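Beneath this line is the structure, given in structure tokens, with notes to follow.
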Amino acid sequence: MSKYLYYPGCSMEGSGKAYHNSLMPVCEKIGLELQEIDDWNCCGATEYLGINKIPAYALIGRNLALAEAQSNGAQDIVAPCSACYLNLTKIDSYMAKKNGVDELINDALSAGGLSYEPGQLGIHHLLDLIVYEIGLDTVKEKVVRPLTGLRVAPYIGCMAPRYDYAKRWSDSEHPLELDWLLGALGAEVVDYPLKTHCCGGHMPQIGPDTAYELIHRLVDYAEEVKTDIMVAVCPMCQMNIDAYQNETNQHLGTKHKMPIVFFTQLMGLAFGMRERDLGFGSELVSAKEAIQKIGSEVPKKKRKKKDKFALPMPHPLGNGILKNGTNGKELILPTEGRARGGRA
Amino acid sequence: MNTPKERIGVYICHCGTNISAVVDVEDVAQWAANKLEHKGVVIARDHKFMCSSLGQELVENDIKELGLTRVVVAACSPHLHEKTFRTACERAGLNPYLCELVSIREQVSWVHSDKVVATQKSKAIVSSGVERLIYHEALEQLSVPINPATLVVGGGIAGIQATLELADAGSPVYLVEREPSIGGHMAQFDKTFPTLDCSACILTPKMVDVGIHPNITLLTWAEVEQVNGYVGNFDVTVRQKARKVITDLCTGCGICIEKCPKNVLDDIYEVGMNYRKAVYTPFPQAVPNYPVMDLDNCIYFDTGKCKACEKFCPTNAIDFEQEDEMLKFQVGNIILATGFDLFDARKMSNYGYGRLENVFNSLEFERMCNASGPTEGEIVLRDGVTTPKAVGIIHCVGSRDKSHNAYCSSICCMQSLKFAHLVEERTGAHVYNFYIDIRTPGKGYDEFYNRIVEEGTHFVRGKVAEVTNAARQPDEKKKLIIQVEDTLIGKQRRIPVDMVILSAGLEPRHDAKEVAKLFGISCSADGWYIEKHPKLDPVATMTDGVYIAGCVQGPKDIPASIAQGAAAAARVQGKIQQGEMLMEPIRASIIEEQCSGCRICNDLCPYNAILYHDATMTSEINAALCQGCGTCIAACPAGAVIGTSYSNEQVLAQIEGLLMDVSV
Amino acid sequence: MSHLAPQTEKNFKLMEQVAQKTGSDSKLETCIQCGTCGGSCPSAMDMEHTPRKLFALLRAGEREEVLSSNTPWVCVSCYFCAVRCPQEIKIPDVMYTLKSMAVAEGAYRDSTASDFSRTFVSMVENYGRSYELGLATRHYLRHFPLRLPSMAPMGIGLLSKKRLNLKPKKIQGIKQLNAILDRAKELEAA
């Protein structure tokens with residue numbers, strides 16, 4: 001078991017309960033021991049930063065300071081919520097630059113008897129932790145019920161891969177970590193170019209028209225490529241697409257009916273856990289119908305006879321082959337059947 | 001107090017206001033006259049421009065009239081004017097090596113702003129110069145013969161031009177190219193801006209000239225392995241990779257290529273757009289015309305079977321036993337013209353190159369336009385048949401972008417305009433150019449821009465944010481959508497097109513750093529090779545005898561590359577014409593009586609300049625080979641090696657001078 | 001906006017001021033007006049000015065027009081602009097700065113967004129955690145009372161699925177947290 005400090009974030013107690021309920025048994029299964037940071041506070045989401053900068057930084061700083069003080073043998077911090085993950089890594093990285101921000105935050109923290117030395121603890125999103133620290137091989141070993149026949153759209157959202165302060169992702173715009181993970185579970189992963197586009201963030205509250213448009217774009221394209229179910233890694237993404245989908249339909253006259261669940265819920269299913277122990281049923285757009293497709297026959301792809309006129313494609317970057325010992329930043333390219341690459 | 005034995009003159013330069021704005025030069029001069037009098041300073045003056053003829057005359061007159069025996073000039077870096085003042089001294093009858101130039105511009109006025117401190121530092125530097133100078137000796141320059149042969153590395157257009165200029169002037173040239181044929185990137189293009197000449201039509205005559213010129217030794221499929229020696233006398237080792245083809249027997253008939261059963265995607269010449277065989281020449285007009293065998297992909301080298309090429313070769317020119325060969329020769333000068341690599345557009349995942357099939361990079365598009373390319377010059381989508389109805393060309397891909405390359409790649413605007421013209425002419429499609437700024441500063445370039453505007457190309461000012469296949473509107477379905485802020489109207493636009501061409505920037509060769517090390521020259525932070533002076537000496541390097549031409553020095557287009565190739569050749573030919581050159585007399589020598597014959601220095605010398613005499617059991621330094629680097633001096637356990645101009649006395653005196661209390 | 005802002009010292013220094021407030025390495029002054037941000041922004045269609053235009057206005061000293069713009073309030077913090085900006089300008093951070101300046105100077109016209117942020121902040125200051133139900137009801141009652149009926153099924157849905165807590169949770173160290181925030185506010189004002 002590897003022990004990690006767990007920063008749940010406020011949503012995990014409310015709208016993101018299904019995430020919390022599913023990640024707990026799943027993490028245990030793959031050997032991740034989570035130790036909740038005692039008395040953590042809200043990260044401020046995207047709201048506090050727009051009111052007061054230093055207090056917003058100090059608010060996040062308190063969590064980092066608590067984590068450091070409580071680390072005691074635990075390795076690194078893990079946050080399942082992308083917004084929390086972004087805020088934690090951002091402040092850690094700003095403080096590590098030692099250009100005055102660290103002094104300001106520590107000054108504020110000292111008023112509460114706390115302090116924080118940046119760079120001491122690694123900060124992970126739950127997804128990167130599972131892909132890079134636990135590894136896809138371990139995940140595959142635990143799969144007893146492959147998600148065959150389920151067409152999933154990997155929707156990673158913005159705040160996990162951007163701004164990649166902790167340098168954990170294969171790309172900031174088209175990261176493939178969620179594709180790989182869902183593939184390892186046996187699901188059929190659709191090519192979803194909007195995988196890191198915005199779910200609307202806080203816009204449902206302050207500018208609903210903007211939010212409806214963004215939600216519509218995401219769901220519309222998922223439907224276009226015949227997705228059964230969308231998969232989220234962030235409680236805000238899940239909340240917006242799930243809870244506001246009906247309102248979006250009313251507002252835009254659309255008829256979307258696209259379920260979205262957390263990746264840990266699908267991991268649990270693949271690991272053979274029961275739906276109700278994984279928070280299924282709490283989504284407003286029911287995932288029931290989609291889940292029933294698991295195990296269904298996948299129609300075999302007709303092998304297209306290679307068009308004799310077609311021009312070859314360039315090597316894709318990030319085709320899933322990872323160099324050992326990197327955090328996913330360096331991807332190696334296949335070389336078989338290629339000429340000496342002078343311009344690789 | 002002893003009477004000083006030398007009579008020293010000190011001259012402080014204002015350099016206009018370059019120095020005098022920060023340093024109180026009058027004060028420095030006055031101080032030197034008073035405080036350094038006991039060291040032998042008999043006169044100290046300041047002058048607005050010491051390097052002017054008036055300034056030089058000042059020195060010359062003082063030498064004659066005051067009988068100066070040593071001269072210190074405090075001005076700019078010795079790189080710039082050391083020679084000027086040494087020559088002035090020589091004219092007045094003083095040995096030029098009794099003149100010392102100390103820098104109070106690069107080392108003081110340009111790097112300090114506090115006037116008081118800067119003035120004090122200038123005094124310390126003048127003092128150190130005076131102290132050191134006392135120990136100078138009169139030296140004589142050494143002349144060495146210059147080998148008239150030249151090594152040109154890289155057979156692109158810059159290297160070809162340099163080679164032909166030298167060969168036509170009667171000098172022997174070795175041209176080394178790592179690919180099977182010369183021609184470089186220019187051989188991949190179809191048309192060249194702004195005149196739209198056919199690239200092959202203007203390039204191949206030059207390639208043929210290189211191939212048949214009696215003064216040129218053409219070594220393709222070869223790489224430089226080692227370079228020793230110094231200007232005038234470089235020892236070069238070149239690895240001639242095994243072609244597995246006996247060139248003396250090969251007629252270039254091409255039957256082996258025809259019979260080879262293995263297709264290999266050609267990542268170099270065809271940039272992954274087309275296939276070649278495992279035995280191949282990269283293109284029909286290749287020079288030389290005999291093929292090479294690609295051992296990584298040859299079926300025989302993989303499985304031990306096949307040998308189709310051998311079976312069918314009418315002249316028995318295939319030789320599977322042929323091995324790499326090391327060629328050694330001597331040259332007097334070297335020109336590096338190793339070119340550029342294209343920026344890898346996959347690094348900008350928002351443009352979808354490598355993911356979206358109808359996104360092409362600039363070299364792919366060049367190949368597509370080329371009559372001998374994968375589509376025989378037809379502009380079509382990746383399916384190989386469909387003609388695009390709308391095409392978007394994106395400028396500055398990987399250039400002017402701090403996440404990738406901060407510099408402007410300089411050729412992309414004109415290249416993109418050329419692409420717009422070709423698309424319009426051959427397909428009639430709507431063409432959009434997405435640019436940040438249009439930069440067309442060459443002769444006839446802005447006229448070309450105007451022509452493209454007149455042809456009806458749409459120009460959108462804005463750096464493209466993303467290329468996507470995620471349609472939002474019905475008219476976007478099955479298209480690539482270019483999302484951009486049209487900054488001239490301040491609105492986000494989504495423009496559906498069928499094809500996107502990325503004008504990817506130019507980058508230093510992936511192995512530029514290793515090559516620079518091999519030839520002893522330096523790279524900028526970006527990786528381009530550094531010229532001796534960005535304005536006054538753009539093709540020389542800080543290493544004597546090594547020159548650079550073309551894109552190896554920075555992104556440039558064909559006319560500029562040719563100009564640099566010719567310029568580098570002219571510089572080299574000038575050296576060759578001199579026949580011999582004077583070498584700085586700064587070198588090491590061994591005091592025979594103190595040498596214990598341990599031979600430590602023999603192996604350390606990077607120029608192989610130290611010989612060991614069995615008879616006397618001592619080492620000796622060949623003055624012509626020694627470059628004065630000082631390695632042996634530092635290494636000698638007996639302190640038996642001494643270096644002119646850098647003796648222990650000189651260095652210690654210089655330090656003492658620097659530490660002088662200048663505040664009083 | 002037919003009249004140009006007065007070309008005063010205060011206005012000229014606007015960009016410098018915003019850059020400084022954002023942080024020493026915001027790089028705002030290096031903007032080359034390429035429009036990558038405006039092209040990337042998923043909510044650009046609802047912005048009065050694209051981010052690029054806003055930076056041009058900053059440079060021109062158009063203080064009032066900048067601080068009253070809805071642009072920073074429509075920003076969804078997706079960081080597309082930040083990772084694509086060729087000058088590596090920290091655009092989302094600049095947006096946060098502009099929001100806080102607008103709040104401090106009362107320069108914004110529509111208070112929906114800033115009220116939401118302030119409600120959120122007051123929840124955090126009171127409880128140490130955010131409290132979705134309280135936040136939503138308070139905010140919607142004030143700004144979108146007409147939307148409430150259409151929202152009701154969703155609210156009820158979330159409640160019945162136990163995805164909304166009826167009571168806020170308070171952290172134990174709330175006093176400690178407020179001591180830290182108070183000190184931070186002093187530092188911010190300094």
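Everything quoted here is computed from the prediction, not taken from an experiment. Just so we're on the same page: letters track the sequence lines, and every chain starts at 1.
Ranked by heavy-atom pairs under 4.5 Å with chain A, the list C:Thr97, C:Asn70, C:Asn178, C:Asn165 is led by C:Asn165. In terms of heavy-atom pairs under 4.5 angstrom with chain A, the leader among C:Ala104, C:Ala179, C:Pro92, C:Gly128 is C:Gly128. Interface summary for chain C: among A:Pro208, A:Ala211, A:Ala56, the most heavy-atom pairs under 4.5 angstrom belong to A:Pro208. For the set A:Lys97, A:His251, A:Gln250, the entry with the most heavy-atom pairs within less than 4.5 Å of chain C is A:Lys97. For chain C, the option among A:Met239, A:Lys90, A:Glu213 with the highest count of heavy-atom pairs below 4.5 Å is A:Lys90. Your options are A:Asn41, A:Thr196, A:Leu214, and the one with the most heavy-atom pairs under 4.5 Å with chain C is A:Asn41. Of all the listed residues (A:Cys198, A:Ala18, A:Gly201), the one sharing the greatest number of non-hydrogen pairs under 4.5 Å with chain C is A:Cys198. Note on C:Ser130, C:Gly157, C:Cys75: by heavy-atom pairs under 4.5 Å with chain A, the leading option is C:Ser130. When each of C:Ile171, C:Val124, C:Ile174 is checked for heavy-atom pairs under 4.5 Å with chain A, C:Ile171 comes out on top.
Note: A:Leu104 CG to C:Glu188 CD = 9.0 Å, rounded to the nearest 0.5 Å. Taking SG of C:Cys78 as the start and CZ of A:Arg162 as the end, the distance is 5.5 Å to the nearest 0.5 Å. Note that the CD atom of C:Glu88 and the OH atom of A:Tyr163 stand 5.5 Å from one another [nearest 0.5 Å]. Separating the CG atom in A:Asp107 from the CG atom in C:Leu187 is a distance of 4.5 Å, to the nearest 0.5 Å. With values rounded to the nearest 0.5 angstrom, A:Asn246 atom CG is found 10.0 Å from C:Met154 atom CE. Once rounded to the nearest 0.5 Å, the distance linking CZ of C:Arg183 with CD1 of A:Ile105 reads 13.5 Å.
Looking at A:Leu114 and C:Gln176, their side chains come closer than 4.5 Å, going by heavy atoms from C-beta outward. C:Phe120 places a side-chain heavy atom less than 4.5 Å from the side chain of A:Cys42. The shortest side-chain heavy-atom distance between A:Arg217 and C:Pro42 falls under the 4.5 Å cut-off. A 4.5 Å side-chain heavy-atom check between C:Lys99 and A:Thr46 finds every atom pair outside the cut-off. In this structure, A:Leu59 and C:Leu181 have side chains that are in contact, with non-hydrogen atoms separated by less than 4.5 Å. Contact of the C:Thr119 side chain with the A:Gln205 side chain is not registered, since no non-hydrogen atoms from C-beta on lie closer than 4.5 Å.
A:Tyr94 and C:Asp93 form a side-chain donor-acceptor contact under 3.5 Å, judged by distance and modelled atom types alone.
Nearest heavy atoms, A:His202 versus C:Phe116: CB-CE2, 4.1 Å. The nearest pair of heavy atoms linking A:Ile51 to C:Ser117 is CD1-CB, 3.7 Å. Between C:Tyr79 and A:Leu86, the shortest heavy-atom contact is CE1-CD2, 3.5 Å. Heavy atoms only, all atoms of each residue included: A:Met159 and C:Val76 are closest at CE-O, 4.2 Å. Between A:Ile206 and C:Thr112, the shortest heavy-atom distance links the atoms O-CG2, 3.6 Å. Residue C:Leu177 comes nearest to A:Arg62 through the heavy atom pair CD1-CD, 3.7 Å, listed as atom of the first residue, atom of the second, then distance.
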Tell me, with the steps shown, if C:Arg163 and A:Asp242 meet salt bridge (charged side-chain N to carboxylate O under 4.0 Å, His left out).
CA-CA 12 Å; C:Arg163 286 175 68 178; A:Asp242 182 35; 2.9 Å; yes

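Of the two parts of C:Asp25, only the side chain, counted from C-beta on, holds a non-hydrogen atom closer than 4.5 Å to a non-hydrogen atom of chain A. For a residue to count as touching a neighbouring chain, one of its non-hydrogen atoms must lie under 4.5 Å from one of that chain's; by this rule C:Met45 touches chain A with the side chain only. Heavy atoms closer than 4.5 Å to chain A are found in the backbone of C:Lys21, but not in its side chain. At a 4.5 Å heavy-atom cutoff, the contact between C:Phe80 and chain A is made by backbone and side-chain atoms alike. Looking at C:Arg84, the atoms closer than 4.5 Å to chain A (heavy atoms on both sides) all sit in the side chain, from C-beta outward. For C:Val83, the parts lying under 4.5 angstrom from a heavy atom of chain A are both the backbone and the side chain. For C:Val103, the part lying near chain A is the side chain, with the backbone staying farther off; criterion is any non-hydrogen pair under 4.5 Å. Heavy-atom distances place both the backbone and the side chain of A:His197 under 4.5 Å from chain C.
Using modelled atom types, one side-chain atom of A:Lys53 and one backbone atom of C:Thr22 make a donor-acceptor pair closer than 3.5 Å.
Scanning residues 9-17 of chain A against chain C with a 4.5 Å non-hydrogen threshold yields A:Cys10, A:Ser11, A:Glu13, A:Gly14, A:Ser15, A:Lys17, sorted by number.
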